[in-house]
Protein chains: 4
Amino acid sequence: MSKKLKTGVIGLGRIGQIHLANLVHHMPDAEVIIASDVSPAAHAFAERLGVPHVTTQAEDVLNHPEVEAVIICSPTPYHVPYTIAAAKQGKHVFCEKPLDVTLESIREAEQVVAENGVKLMLGFNRRFDANFSNIRQLVEAGKIGEPHILRITSRDPAPPPVEYLKVSGGIFLDMSIHDFDMARYMVGSEVTEVFVKGDALIHPEIREFGDIDTAVIVLTFENGTLGVIDNSRKAVYGYDQRLEIFGSKGMAKAENNTADSLIHFDDAGGHSSLPLHFFLERYENAYRVCLRSFIRCILDDKPSPVNAHDGLMATAIGIAAMRSLTEGRPVKISEVVQESAVNEPISEATVKA
Amino acid sequence: MSKKLKTGVIGLGRIGQIHLANLVHHMPDAEVIIASDVSPAAHAFAERLGVPHVTTQAEDVLNHPEVEAVIICSPTPYHVPYTIAAAKQGKHVFCEKPLDVTLESIREAEQVVAENGVKLMLGFNRRFDANFSNIRQLVEAGKIGEPHILRITSRDPAPPPVEYLKVSGGIFLDMSIHDFDMARYMVGSEVTEVFVKGDALIHPEIREFGDIDTAVIVLTFENGTLGVIDNSRKAVYGYDQRLEIFGSKGMAKAENNTADSLIHFDDAGGHSSLPLHFFLERYENAYRVCLRSFIRCILDDKPSPVNAHDGLMATAIGIAAMRSLTEGRPVKISEVVQESAVNEPISEATVKA
Amino acid sequence: MSKKLKTGVIGLGRIGQIHLANLVHHMPDAEVIIASDVSPAAHAFAERLGVPHVTTQAEDVLNHPEVEAVIICSPTPYHVPYTIAAAKQGKHVFCEKPLDVTLESIREAEQVVAENGVKLMLGFNRRFDANFSNIRQLVEAGKIGEPHILRITSRDPAPPPVEYLKVSGGIFLDMSIHDFDMARYMVGSEVTEVFVKGDALIHPEIREFGDIDTAVIVLTFENGTLGVIDNSRKAVYGYDQRLEIFGSKGMAKAENNTADSLIHFDDAGGHSSLPLHFFLERYENAYRVCLRSFIRCILDDKPSPVNAHDGLMATAIGIAAMRSLTEGRPVKISEVVQESAVNEPISEATVKA
Amino acid sequence: MSKKLKTGVIGLGRIGQIHLANLVHHMPDAEVIIASDVSPAAHAFAERLGVPHVTTQAEDVLNHPEVEAVIICSPTPYHVPYTIAAAKQGKHVFCEKPLDVTLESIREAEQVVAENGVKLMLGFNRRFDANFSNIRQLVEAGKIGEPHILRITSRDPAPPPVEYLKVSGGIFLDMSIHDFDMARYMVGSEVTEVFVKGDALIHPEIREFGDIDTAVIVLTFENGTLGVIDNSRKAVYGYDQRLEIFGSKGMAKAENNTADSLIHFDDAGGHSSLPLHFFLERYENAYRVCLRSFIRCILDDKPSPVNAHDGLMATAIGIAAMRSLTEGRPVKISEVVQESAVNEPISEATVKA
């Protein structure tokens with residue numbers, strides 16, 4: 001293994017460009033050998049960043065003899081095929097979430113990755129946000145004692161277009177999946193049951209194709225913790241990303257981040273800033289810490305901080321959530337995934353940045 | 001009706017003493033004619049406050065010819081009998097919550113009160129806390145738009161003794177009932193369904209008699225709002241009473257109150273004060289505003305701000321919550337109360353202090 | 001000494017009514033024997049509170065044989081004469097601030113009080129506010145180490161009428177005097193020098209009679225601490241009462257208190273409540289704790305928590321501040337008061353409530 | 001003028017490396033042609049960033065025919081000579097602060113820059129911090145009305161070594177100079193007088209060479225605003241950078257920034273994070289916005305947002321502050337700089353990022 005990890009990037013859409021720029025500017029331990037995308041604009045972007053090879057073919061990346069690790073930022077249906085192709089070439093894989101929307105496919109990827117002895121990390125970037133990773137440290141250090149209640153608020157500033165929503169896989173796999181992963185990460189225990197109440201309160205027309213935009217989700221964890229997530233597709237005041245964990249010895253919570261720390265008082269009251277507008281601003285640094293963790297887990301030969309099992313469980317909770325919504329009852333995760341998976345140990349703590 | 005309301009107080013336990021002292025010191029529109037309790041210590045307390053008649057018999061209060069309004073602070077089983085007796089004497093009634101633990105009994109009280117043309121107000125004091133009543137005003141003023149999500153955190157600093165818990169009626173009627181009333185008040189719409197997950201995480205031994213000490217409760221409202229309450233009997237950092245309401249135009253939330261506004265920084269971080277310890281401190285002023293609202297609703301002949309229907313619905317939600325816990329499924333409120341009740345209009349906004 | 005302190009109140013203006021109501025409702029260790037005022041409205045107020053004797057003559061209070069302690073709330077010119085008269089009758093004295101605007105007169109009162117072996121306490125109520133007394137406790141406990149910098153912000157919501165200002169004695173003796181006392185109390189060391197910059201930025205017309213409405217005041221303390229006070233007669237957002245003390249081991253600061261703990265977010269930002277509007281609201285409880293300290297220092301025979309020397313020094317700093325403003329230079333306190341006073345020990349910590 | 005500004009960097013110490021990395025990674029409108037430093041480590045740093053020419057001679061930068069703008073990050077004594085040399089070559093200059101410690105030298109640089117029609121910008125980066133530039137916008141928009149009081153708290157986490165302090169030029173030119181610039185920028189009016197109280201409370205030994213480590217500084221502005229700065233070389237809780245401006249219509253203040261937005265409650269209280277540790281963390285983004293403003297003012301041919309006059313006035317206030325400390329009196333700025341300078345208009349508002 002070289003000291004500087006040789007990487008290739010597949011897919012230079014919004015998230016791919018973020019990862020590519022971070023690799024070039026912020027990852028002294030890595031270099032980008034090649035990047036692929038079909039769009040000429042994406043090519044220009046990569047060239048401006050000095051990427052030596054830019055191609056329209058993902059295969060050129062997957063087959064490039066020097067590439068040690070592939071960063072997969074293509075649309076979701078390609079995640080598993082590219083992961084499998086890369087693994088078979090002996091390349092490590094960083095893959096955007098979700099790994100897939102079916103459990104079978106995730107299982108297959110997990111198996112191929114294991115057979116080829118490579119590492120697979122999923123881009124659940126929120127784990128690497130300072131607010132959340134610092135709370136997780138407090139939990140691990142026993143500062144809140146036995147966890148009893150987890151609360152996650154996760155609301156987007158504005159819904160995607162209805163056309164997007166139609167093919168999004170539904171709110172649970174498109175949006176709440178981040179919160180399902182966060183819940184497992186934060187509590188450090190597996191989710192065993194989910195109950196959902198939800199409705200399309202913002203865009204009633206999406207009920208037609210079975211989707212919702214507002215949800216309250218109750219999670220039950222193996223260790224007895226109770227969790228609740230509330231989701232909305234539209235918070236007019238911006239991106240609302242808060243979390244609280246309460247236990248036998250205390251409580252820790254994270255408020256939203258803002259662009260400044262000022263408050264203005266006039267005769268009407270105090271006025272403060274909105275939360276950082278959306279995920280690009282809020283998780284700007286989390287994306288870097290996340291990618292750096294991937295690079296370090298390879299260079300230091302440590303376990304992947306977010307592995308295929310994590311992807312499997314997040315997707316399984318999402319599938320169970322949809323079933324709960326449809327059937328109006330709490331659904332055991334073991335109804336949708338083999339019992340064995342629920343009993344696997346949760347993946348180990350995030351590699352520190 | 002005299003300008004100064006003539007009152008009598010039944011029951012001088014902890015809450016009765018609070019109301020009596022507030023009547024004497026803080027209610028220039030009222031006077032206390034008589035008070036009853038069986039305990040000599042309570043008599044001494046009332047005499048120190050200058051109450052002219054102190055008796056051991058509740059009947060002396062109920063039958064006193066000058067008394068226009070009775071404040072009932074006796075144990076719960078006496079609430080309905082005394083309310084009915086007072087109403088039949090043409091006296092108005094302020095009664096501590098819960099009015100009763102059975103819906104039939106509440107219905108009976110409601111009917112007698114209506115037949116006798118007197119007013120009945122229940123002591124759901126939290127509605128009169130500045131944090132919550134100010135948020136309710138924002139909701140009424142349309143500042144948050146259509147409500148979508150309500151979140152209530154309600155955690156006690158320490159559980160009562162197990163002996164008390166055995167006869168408490170269970171967490172939903174003893175503790176969460178405040179939150180059920182708050183939920184209806186804040187959203188301004190009736191609760192139609194409840195789903196509960198809960199466990200005895202603090203004192204596992206209370207599972208024996210079917211009680212729990214930690215709960216997450218999902219409420220569905222007639223107007224589409226989704227609500228979630230989390231309860232714990234033990235927050236080591238004190239009395240945790242927070243609320244957030246989120247809607248199409250914004251969000252409002254109340255944090256805990258503290259005894260001071262200071263923060264101390266040393267090389268380990270910033271350090272701030274604990275929340276006000278328990279309900280006597282936190283709701284000290286709310287008790288006064290609540291009682292004052294009762295006095296004003298009589299003197300000004302306005303509707304009671306918290307009437308028998310409010311008591312009925314809070315108890316009904318509590319009964320449905322227990323059924324949900326036991327049966328592991330969402331329970332419609334209409335399963336436990338006549339459909340008609342769920343469709344009654346919610347009582348009007350609190351009389352302003 | 002009886003167990004219940006027998007008191008008489010002289011002067012039932014705004015502040016006198018506050019003290020009287022607090023004595024009646026909140027001081028179980030005291031009773032009010034007699035109160036005096038010239039106004040019929042004040043008499044009615046006292047009678048409603050059940051004061052047994054109400055008179056137009058202050059002398060009736062001063063000479064009443066049962067009165068053990070006199071609460072002096074008359075206009076400032078009467079403070080010293082009544083204090084002296086009461087002391088000569090062997091009565092303890094609680095006197096509103098300032099004790100007087102001349103140092104000679106304060107010295108005389110101090111001497112008579114000492115000769116007659118009675119206690120004198122001045123109503124510097126802010127010392128008893130939870131924010132400030134809790135910070136003082138941190139300082140005493142060594143939590144901030146050696147104090148280096150003290151910052152006080154003290155701004156009124158609106159200036160008094162110009163007619164009042166003409167006879168007020170000037171901003172330093174009328175308004176800043178509270179901050180001078182707070183500074184000495186908080187640092188626990190004597191002020192040795194003062195420098196002022198100020199101007200009439202709100203009402204330029206008050207420059208005519210030598211007054212200002214906006215000031216920045218630098219204090220130097222005997223122990224090396226540097227202090228800065230900023231004053232304004234008009235903060236449109238309400239009563240601004242903040243303090244910060246910074247030292248070798250840390251920093252503690254108090255923000256303003258508000259009537260609620262809520263924040264409202266809409267698409268324009270976060271909106272929070274104004275500070276409590278003025279001193280009656282902000283210091284409502286401090287007035288009680290202050291008076292209770294007086295009662296306890298007599299009943300427990302402890303030193304007065306705010307004695308004549310404190311009054312002397314606050315007034316001396318005020319006189320020096322005026323000289324600094326006029327002469328445009330830093331002024332030593334020893335220029336206006338005997339060197340000996342500056343070297344007296346500061347009065348001991350406030351008796352805890 | 002090319003679309004992409006061709007720059008050269010002189011001096012690759014700590015601050016030079018920050019600017020160089022920002023130019024390479026964050027300034028798509030600029031490119032770095034050449035960089036100079038005597039240290040081999042600095043050369044390696046520049047080469048890793050892909051700088052095409054790296055030299056030991058500043059003159060190579062100053063004389064490079066393609067370089068349009070020079071970034072001067074050398075030690076202070078070289079600031080003016082390099083500025084003059086660059087200006088004479090027709091190159092624009094970004095120079096670290098202070099421009100110089102003598103007013104004559106600054107005047108000379110100012111004149112040469114003017115004669116050669118190039119732009120000079122000084123690196124007063126704090127103006128470009130979001131907290132402060134957003135407050136400045138509120139002031140400019142009239143949201144606080146006429147400014148009356150400005151308060152700046154500026155405390156370092158730890159003092160530099162005494163050996164450094166000996167040659168630092170004293171606290172006012174080494175540390176407070178940032179606050180003097182901030183004060184002028186924020187109020188938008190010239191400082192006319194300064195008064196200082198200060199002492200060496202942290203390291204008494206620095207009194208020997210006339211320096212102090214703790215100061216309270218009162219500023220008087222031409223428009224009547226009163227300002228106060230407090231400085232300390234050692235805040236154990238980290239870098240303390242706060243500001244408040246109060247005026248006829250309101251108040252705005254900025255609190256410190258922290259690395260996260262979390263709070264942890266246990267039975268001892270609430271615990272929050274320390275401020276960002278020092279200037280590299282706190283002003284990381286401000287450095288970028290500052291440099292970007294320089295590039296845009298050249299490419300868009302706008303006035304420099306921080307010009308030589310700003311450097312002159314900040315230094316002049318520093319010199320006057322030292323005189324005030326030594327002589328124990330308020331010192332007019334016109335005592336140390338020609339009257340004309342005090343009456344020059346303050347440089348125009350910062351070019352928006």
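Note on naming: letters A, B, ... go to the chains in the order of the sequence lines (proteins, then strands), and numbering restarts at 1 for each one.
In this structure, no portion of Ala235(D) lies under 4.5 Å from any heavy atom of chain B.
Of all heavy-atom pairs between Ala254(D) and Ile135(D), the closest is N-CD1, 3.7 Å. Contact detail for Phe124(B) and Ile177(B): the closest heavy-atom pair is CE2-O, 4.0 Å. Closest non-hydrogen pair, Gly318(B) versus Phe172(B), comes out as O-CB, 3.7 Å. Smallest separation of non-hydrogen atoms from Ala321(D) and Val194(D): N-CG1, 3.7 Å. Among all heavy-atom pairs drawn from Pro159(B) and Ile202(B), the shortest one is CG-CG2, 4.5 Å.
With sequence neighbours left out, Phe195(D) forms a ring pair (Phe, Tyr, Trp, His ring centres under 6.0 Å) with Phe195(C).
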Show the pairs of one donor and one acceptor atom, one from chain D and one from chain B, lying under 3.5 Å apart.
unit_1: Gly270(D); atom_1: N; unit_2: Ser272(B); atom_2: O; d: 2.9
unit_1: Gly270(D); atom_1: O; unit_2: Ser272(B); atom_2: N; d: 2.8
unit_1: His271(D); atom_1: ND1; unit_2: His271(B); atom_2: ND1; d: 3.0
unit_1: Ser272(D); atom_1: N; unit_2: Gly270(B); atom_2: O; d: 2.8
unit_1: Ser272(D); atom_1: O; unit_2: Gly270(B); atom_2: N; d: 2.9

